[in-house]
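Here's the structure we're looking at; comments come further down.
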Amino acid sequence: MRKLQWLAVVALLAILGFGQMPQRLEAQTNLLSNPSFEEPYSNGAAQGWGRWHEEAAKVADCAGRYSVQPKWGPEFNGAIILDGARSQAVGNQFDTWRGGVVQDVAVTAGTTYRFSAWGWLRTSNDQYPAASDRSTNPRIRMGINPTGSGLWTSSAIVWSNAISPHDAWQQTAVEATATGAKISVFVEADFTGTGFCRAHLDAWFDKAELTTSAPPPTNTPVPQPTSPPVVVPPTAVPPTAAPTAVPTETPVPSPTPIPPTPTPTGGSICINAFGDTNANGLHETNEGYMAGIRFTIAQGGGIVSEGVSPGTATPVCFEGLPTGAYQVAQTVPGTLEMTTVGNITINVEEGKTVGIEFGSRVKQAAPATEVATQPTATATVAAGATAVPTEGEGALQPTETASSAGLGVWGLVGLGVIGLAVVLLMVLLAVVVMQQRKA
């Protein structure tokens, strides 16, 4: 029997192992070197990454767009680290800038690759953790140069949607097909803009990933003919008719110039998470905000962007989204349970912002089993009704029945049976004792 039990356990483990095998086979390999921006750092850039930035002539009093060289370095504050022990910090004081880091990766020509990374930005005249100044509009993007030139000025770079993740981690991604044996991936922050100058113009990057998006295309051979081509004999061409006079064209008036259509800038979705302690699905004034909730924006089966709730009143905003329908979802840690819907479809309109709040709370322990007791009724008098007196003249007097006054007939019968059983048991014990003494 024990051998059969062991065989059943082994068979169950084998089944579970085979059930997990497809998931391991489907795992994508991250092609980047040092994707979490860990130490060591060289000239402020994490190992495996290079620095890049734009130079544009400085404008006095921040009255126009300009860009200077920022400063690169590792981030040690755990509050601004998403993965591993460090994140890549890039920033400057008072002077606006545009730049980031870049990495060249060996790839297969003709294969499509997906590059993503998480970003966090902050503009403020106050020290951290003061909130970022949202009157500015810095942007973060990811880019792929499919030619692998490594030049940030290249027009071949394919850029992702721009995001503005003030005081929170947010992800964006881009896809491109390699044209050679190498591609260049760019992480960019852009703090240039009139009036953007602040004491702190900082960006952080972490948890980058480069994976294949689709298998390389295969060349399908052109089918060859299986029989000689059929030659169609030419048909007789009818004689050309005598030319007819062409009428003189009437002058066409010049069209009225049409003003150019303004370029669409898209809409925005701003999301936050609150601690729904009473699980009623409403964000009440005594309920705060929940940190560590992952938000996902998807469209057409693909993820557009992601973010993590900071636990403050400042929402995570996804800006510059093209108009259309998006699926917005929340993912909570295992210690929490959702108290609102987990996902919702949102229609984004040009120039408009949609706000969403998801609710969750700490998982509640299962209630202990209690012994049922008779509840005490509380009288409630509805408006317009006449209260029934409980004492004195006119009060309703309860009618005593056998079941409610004392034990009743069946209770007395039960007690008699129990008493008789006790007497018989005592007699039996006495007989047994007497027999033992005689023996």
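The one candidate from W120, W118, F295 that meets the ring-ring contact (aromatic ring centres under 6.0 Å, His included) condition with W169 is W120.
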Quiz item: Should I356 and I269 be marked as a side-chain contact (heavy atoms from CB on, under 4.5 Å) after you check the CA-CA gap, both sets of side-chain angles, and the distance that decides it?
Solution: CA-CA 8 Å; I356 307 170; I269 299 177; 4.0 Å; yes
Self-check item: salt bridge (charged side-chain N to carboxylate O under 4.0 Å, His left out) assessment of E337 paired with R361
Solution: CA-CA 6 Å; E337 59 184 2; R361 68 171 181 176; 2.9 Å; yes
Self-check item: Candidate pair F191 and N92, rule side-chain contact (heavy atoms from CB on, under 4.5 Å), full reasoning
Solution: CA-CA 10 Å; F191 283 80; N92 206 21; over 6 Å; no
Exercise. Please lay out, stage by stage, how E284 and D276 fare under the test side-chain contact (heavy atoms from CB on, under 4.5 Å).
Key: CA-CA 8 Å; E284 299 174 345; D276 192 6; over 6 Å; no
Exercise. Take E319 and S164, measure what side-chain hydrogen bond (donor to acceptor under 3.5 Å, both in side chains) needs, and give me the verdict at the end.
Key: CA-CA 7 Å; E319 301 173 340; S164 297; 3.2 Å; yes
Practice problem: Quick one: do I144 and E175 satisfy side-chain contact (heavy atoms from CB on, under 4.5 Å)? Show the steps, please. | Solution: CA-CA 7 Å; I144 297 179; E175 292 186 358; 5.7 Å; no
Quiz item: Going through the checks in order, is the salt bridge (charged side-chain N to carboxylate O under 4.0 Å, His left out) test met by R141 and D190?
Solution: CA-CA 8 Å; R141 295 190 301 177; D190 187 352; over 6 Å; no
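No salt bridge links E38 with R86; every basic N to acidic carboxylate O contact stays at or beyond 4.0 Å. Electrostatic pairing of R198 and D133 counts as a salt bridge here, judged by a charged N lying under 4.0 Å from a carboxylate O. For R65 and E54, the salt-bridge test passes: some basic side-chain N is under 4.0 Å from an acidic carboxylate O.
The backbone N or O of Q28 lies less than 3.5 Å from no partner atom in the side chain of T211, so there is not a single donor-acceptor pair. Remark: side-chain polar atoms of D61 are not paired, donor with acceptor, to backbone N or O of A63 under 3.5 angstrom.
Side-chain contact between P310 and D167: absent, with no pair of heavy atoms (C-beta onward) separated by less than 4.5 Å. Here the side chains of W97 and L201 are in contact, with some heavy-atom distance below 4.5 Å. Under the 4.5 Å side-chain criterion, counting only non-hydrogen atoms from C-beta, V187 is in contact with M142. Annotation: side chain of S149 is in contact with side chain of S154 (closest heavy-atom distance under 4.5 Å). Considering only heavy atoms from C-beta on, L82 stays 4.5 Å or farther from S87 through its side chain. Counting heavy atoms from C-beta on, the side chains of P146 and I157 never come closer than 4.5 Å.
Listed by chain and residue number, nothing satisfies the salt bridge (charged side-chain N to carboxylate O under 4.0 Å, His left out) test with R134 (two or more places apart in sequence, or in another chain). In this view, T194 satisfies the side-chain contact (heavy atoms from CB on, under 4.5 Å) rule with no residue, not counting sequence neighbours. Qualifying ring-ring contact (aromatic ring centres under 6.0 Å, His included) partners for F274, counting only residues two or more places apart in sequence or in other chains: H283.
The OG1 atom of T212 sits 7.0 Å away from atom OH of Y113, with the distance rounded to the nearest 0.5 Å. From L31, atom CG reaches atom CD of Q103 across 10.0 Å, with rounding to the nearest 0.5 Å.
Checking T136 against T123 by side-chain atom types alone, a donor-acceptor pair falls below 3.5 Å. For the residue pair T177 / T112, a side-chain donor-acceptor distance below 3.5 Å is found, with atom types taken as modelled.
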